[in-house]
Amino acid sequence: MSTTTSPAPARTVGGPDLPQQRTLRTAIPGPRSQELLARKSAAVASGVAHTVPIEAVAAGGGVVVDADGNSLIDLGSGIAVTSIGNAHPGVVAAVQEAVAQFTHTCFMISPYESYVAVAEALNRVTPGDHAKKSALFNSGAEAVENAVKIARRFTGKQAVVAFDHAYHGRTNLTMALTAKAMPYKAGFGPFASEVYRMPASYPFRDGLSGAEAAARAISAIEKQIGAADLAAVIIEPIQGEGGFIVPADGFLPVIVDWCRTNGVVFIADEVQTGFARTGEMFASELFGIVPDLITTAKGIAGGMPLAAVTGRAEIMDATHGGGLGGTYGGNPVACAAALASIDAFENEGLLERAREIGGILRARLESLQASDPRIGDVRGHGAMIAAEFVDPVTNAPDPALTSAVAKAAIAEGVIVLTCGTYGNVIRFLPPLSIPDHLLNEGLDVVAAALAAA
Ligand code: PLZ
């Protein structure tokens, strides 16, 4: 049998020692990447799309290296996952050690220490000093599903409130919680019942104060559902896929107070905002709120698949034995990675670094906005900052401009992601390990792409 694949390039080791530079040796995609993408279209379901047309072979610090020898600046962290840096040496060592000991026993069959240690760490680092417990899962969506199960069991009630612009996952219950039809829900119904969508706080577009937006949401909840039937309210403290929407001051605390007064479990979905991303360990802290339950994933384990629900012990313990679990939840290799990651978040100055990155991003984007009215809004916290692109006259969302700028930046070797209900937001989620010179160069490229668009 003959093969057309050219010889594999020398193996590249990732991590922070990779040269921290943007290098374009070929057009993006280069020939080797094109070969892989052709195999992908032949072998992988077309529903699984990709944003950056490369074959990734190594990553670390602030770069992703492809099979053609191009080194791209990473302003996406694999969607807010590799916050401590890709192939972080502590994670690599912890994974290597764990994987050589045992790869799986199933925690529900034969428990092991690393799972318990991750639960202890999560109970300690999440907001609030009340007694907490945790349960571990594989993905953000699975954590969200389980948070809802736990809240229903604890309250004996069924209804769940989610908000406009929400993203909570792609499984059946989480599709129901997610707001945007295309691409997440279109054609995939029927969706789970007893999910109610309420207006959120989107200061740039609704012009409401936090108190006004909260009053609007609470009044709708009381009229359309009623606290007597409502198990939980779930919200991302800063909405991620929906457009990095930062709620107006006061919105979240009023919602939390209402939940507490009315016997409703308040769930903060911190899958995207968690673990130093926003300059606090959790975004809830930015708003002074203490959730009853918090869902985490993404940044928790340096890229290994792991997720968690953490919350008030009495709520977490309301479920009967055997009611929670899963074959792989809290896999020992992923747990080892999580312990190394949490150690990095606590001991490598990453909260401070996220704030510094936020300062650079914000200053650069605001100065661009001052001379370019197509940037309608710059918002976010820490290393989670976005620019919303609009028609300067009508303020209407401009998704075409947004995708043109993102595509042009990627072609120039800068990985940027878009988001937003209206597809008109470019989001910046760099790894906290990115050096300043790459962050600035990445922003130069985005600015040039915008000027040319
Ligand atoms: N909750 C707040 O951001 C995942 C989704 C990308 P999983 N966001 C990225 C895509 O197009 O699939 C996310 C999130 C929030 C839950 C999830 C779901 O996390 O680990 O992707 O299941």
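Whatever order the structure lists ligands and atoms in, that order sets their numbers, starting from 1.
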Numbering the atoms of ligand 1 from 1, which are under 4.0 Å from a heavy atom of [X]?
| X | value |
| --- | --- |
| I79 | 6 (C), 9 (C) |
| A141 | 7 (P), 18 (C), 19 (O), 22 (O) |
| S139 | 20 (O), 22 (O) |

### Message
Side chains of T402 and N424 only: does a donor on one sit below 3.5 Å from an acceptor on the other?
### Response
no

For [atom], find the nearest protein heavy atom and state the residue, atom name and distance (0.1 Å precision).
| atom | value |
| --- | --- |
| atom 3 (O) of ligand 1 | Q272 NE2, 2.9 Å |
| atom 19 (O) of ligand 1 | G140 CA, 3.3 Å |
| atom 16 (C) of ligand 1 | H168 O, 3.4 Å |
| atom 12 (O) of ligand 1 | R170 NE, 2.7 Å |
| atom 1 (N) of ligand 1 | D269 OD2, 2.7 Å |

### Task
Could you tell me whether K185 sits above the aromatic face of F191, with NZ or CZ closer than 6.0 angstrom to the six-membered ring centre and within 45 degrees of the axis?
yes

#### Entry: Shortest non-hydrogen contact from A307 toward N138
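Of all heavy-atom pairs spanning A307 and N138, the closest is CB-C, 4.1 Å.
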
### Taking every non-hydrogen atom, the tightest pair across N331 and T103
ND2-O, 3.0 Å

### Task
Under 4.0 Å, heavy atoms only, figure out whether ligand 1 is touched by the backbone of E236, its side chain, both or neither.
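Just the side chain.
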
### Query
At under 4.0 Å between heavy atoms, which part of K298 makes contact with ligand 1: side chain, backbone, both or neither?
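Within the 4.0 Å criterion, K298 contacts ligand 1 through side-chain atoms alone.
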
### Short N-O contact, R277 and E270, less than 4.0 angstrom
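No.
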
### Query
Any Lys/Arg nitrogen of D206 or R216 sitting under 4.0 Å from an Asp/Glu carboxylate oxygen of the other?
yes

### Contact (N/O only, under 3.5 Å) between E142 and ligand 1
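So ligand 1 has no N or O lying under 3.5 Å from an N or O of E142.
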
### Task
Give me the ring orientation class for F163 and F251: parallel if the planes are under 30° apart, tilted from 30 to 60°, perpendicular past 60°.
perpendicular

### Task
On the 0 to 90° scale, with breaks at 30° and 60°, tag the F107-Y115 ring pair as parallel, tilted or perpendicular.
parallel

### Test item: protein heavy atom less than 4.0 Å from atom 21 (O) of ligand 1
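False for atom 21 (O) of ligand 1.
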
